[in-house]
Amino acid sequence: MSAPLFLVESLPVGSLFTLDGPEGHHAATVQRLRVGEVLILADGRGGIAHGEVVAVGKGSVDVAVGERSQEPAADPRLVVVQGIAKGDRGELAVQAMTETGVDEIVPWAASRSVAQWRGDRGFKARDKWAATAREAAKQARRSWLPLVAGDPDCSTKQVTGRLAEASAAFVLHEEATERLTTVGLPAAGEIVLVVGPEGGISDAEVAAFREAGAVPVRLGSAVLRTSTAGVAALSVLSARLGRW
């Protein structure tokens with residue numbers, strides 16, 4: 001089993017580091033790490049330090065810091081515009097997409113989104129997506145944390161602007177004729193993929209996205225749920241781009 005990963009604000013500069021706070025509690029109390037066990041410290045921005053536990057305290061562990069490395073940011077960058085879904089489906093999508101390698105998730109207030117992020121509720125919901133992404137990144141041993149954008153969400157107009165600036169933009173749509181498995185991909189830049197909410201993407205939204213340069217694509221004959229469509233599409237892109 002690979003070493004567990006813990007997130008820190010910045011990598012330690014010395015040879016000894018005390019992991020405390022929530023991450024230290026998780027290491028000492030939840031995972032019950034013991035002296036001699038190895039772990040990974042990551043700053044969420046590509047920085048990694050390997051270490052070995054040399055002492056365990058109450059809610060903290062002392063770590064002898066070893067090799068450090070810096071993983072470059074992914075290029076092309078994979079961005080998913082995720083239609084806001086009701087219940088926990090959005091969080092399920094965020095978790096799975098993070099584990100699959102998404103670089104940024106954009107919460108989208110689609111016209112057919114049942115759930116609406118308004119006021120404080122919206123910021124709390126967006127923060128919950130960010131927390132879900134953080135935990136999923138740790139589970140997947142990712143050195144780069146995916147960004148969860150939005151303030152707290154993005155309008156169709158804002159999404160259209162993002163698509164127009166991308167190196168490539170795609171909209172998952174069951175009536176599309178082109179397939180994501182064969183459509184052309186850029187060698188660098190940003191690939192933006194739009195995933196609709198439970199009710200799908202309206203004709204007006206598809207038209208606006210087309211005008212911005214996005215290409216409707218499909219994965220296959222089955223119509224996937226909003227919680228699984230993004231991760232399926234990311235799997236295709238990861239394989240085609242050589243990430244997998």
Side-chain angles (χ1 to χ4, degrees), residues 7 9 22 44-45 77-140 142 144-166 169-176 190-214 216-217 223-234:
L7 290 168
E9 287 297 321
R45 300 177 297 278
R77 193 165 179 267
L78 298 179
V79 179
V80 174
V81 175
Q82 174 67 51
I84 295 173
K86 64 182 179 180
D88 63 353
R89 290 181 183 175
E91 292 159 39
L92 290 173
V94 169
Q95 178 182 359
M97 290 190 297
T98 299
E99 293 175 359
T100 312
V102 71
D103 298 302
E104 183 177 351
I105 300 168
V106 180
W108 170 38
S111 62
R112 294 178 179 172
S113 288
V114 175
Q116 299 294 320
W117 288 7
R118 294 292 181 266
D120 290 342
R121 177 186 177 187
F123 287 100
K124 289 179 181 177
R126 196 276 310 276
D127 290 346
K128 197 166 186 179
W129 278 27
T132 299
R134 178 185 176 90
E135 292 306 310
K138 289 169 56 179
Q139 174 66 34
R142 288 189 57 177
W144 281 91
L145 277 180
L147 172 66
V148 178
D151 191 24
D153 53 17
C154 288
S155 65
T156 297
K157 182 178 180 180
Q158 290 172 312
V159 170
T160 301
R162 186 70 180 268
L163 297 176
E165 296 174 353
F170 305 107
V171 181
L172 289 185
H173 198 275
E174 64 270 19
E175 296 180 3
E190 193 168 86
I191 299 175
V192 182
L193 179 77
V194 180
V195 178
E198 297 97 326
I201 304 174
S202 71
D203 291 342
E205 289 166 338
V206 172
F209 296 158
R210 277 182 179 272
E211 188 174 346
V217 295
V223 178
L224 303 182
R225 293 191 177 202
T226 187
S227 56
T228 55
V231 68
L234 284 169

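Keep in mind that this is a model prediction, so the values were computed, not measured.
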Subject >> side chain to side chain donor-acceptor pair (under 3.5 Å) partners for Arg118, two or more places apart >> reply: Gln116
Where do [X] and [Y] come nearest, in terms of heavy atoms and distance?
{"X": "Val159", "Y": "Cys154", "result": "CG2-CB, 4.2 Å"}
{"X": "Ser113", "Y": "Trp108", "result": "OG-O, 3.8 Å"}
{"X": "Ala137", "Y": "Pro146", "result": "CB-CD, 4.3 Å"}
{"X": "Trp117", "Y": "Pro152", "result": "CZ3-O, 3.8 Å"}

Original post:
With sequence neighbours left out, what residues match Phe170 under ring pair (Phe, Tyr, Trp, His ring centres under 6.0 Å)?
Top reply: none
Original post:
Trp144: what forms a ring pair (Phe, Tyr, Trp, His ring centres under 6.0 Å) with it, not counting sequence neighbours?
Top reply: none
Original post:
Crowded around Glu135 CD? As in, over 12 foreign heavy atoms under 6.0 Å?
Top reply: yes
Any non-hydrogen side-chain atom of [X] less than 4.5 Å from a side-chain atom of [Y]?
{"X": "Glu190", "Y": "Glu165", "answer": "no"}
{"X": "Thr98", "Y": "Ile105", "answer": "yes"}
{"X": "Val217", "Y": "Leu172", "answer": "yes"}
{"X": "Arg126", "Y": "Phe123", "answer": "yes"}

**OP:** Just jot down the side chain to side chain contact (heavy atoms under 4.5 Å, CB included) partners of Ala130, sequence neighbours excluded, or say none.
**Re:** Val148
Using 0.5 Å steps for rounding, measure from the [atom1] atom of [X] to the [atom2] atom of [Y].
{"X": "Thr132", "Y": "Asp127", "atom1": "OG1", "atom2": "CG", "value": "10.5 Å"}
{"X": "Gln95", "Y": "Thr100", "atom1": "CD", "atom2": "OG1", "value": "10.0 Å"}
{"X": "Arg210", "Y": "Leu163", "atom1": "CZ", "atom2": "CG", "value": "13.0 Å"}
{"X": "Asp153", "Y": "Ile84", "atom1": "CG", "atom2": "CD1", "value": "4.5 Å"}
{"X": "Phe209", "Y": "Thr160", "atom1": "CZ", "atom2": "OG1", "value": "5.0 Å"}
{"X": "Glu91", "Y": "Lys128", "atom1": "CD", "atom2": "NZ", "value": "4.5 Å"}

Under the 3.5 angstrom rule, does the side chain of [X] hit a backbone N or O of [Y] as a donor-acceptor pair?
{"X": "Glu99", "Y": "Ala96", "result": "no"}
{"X": "Asp103", "Y": "Leu78", "result": "yes"}
{"X": "Arg142", "Y": "Arg134", "result": "no"}

Please tabulate, for the side chains in residues 193-207, all donor-acceptor contacts under 3.5 angstrom to protein atoms that are two or more places apart in sequence or on a different chain.
| unit_1 | atom_1 | unit_2 | atom_2 | d |
| --- | --- | --- | --- | --- |
| Glu198 | OE2 | Lys86 | N | 2.7 |
| Ser202 | OG | Glu205 | N | 3.2 |
| Ser202 | OG | Glu205 | OE1 | 3.2 |
| Glu205 | OE1 | Ser202 | N | 3.0 |
| Glu205 | OE2 | Ser111 | N | 2.8 |
| Glu205 | OE2 | Ser111 | OG | 3.0 |

**OP:** Sequence neighbours left out, what pairs pass side-chain hydrogen bond (donor to acceptor under 3.5 Å, both in side chains) with at least one residue falling in residues 224-234?
**Re:** Gln82-Thr226
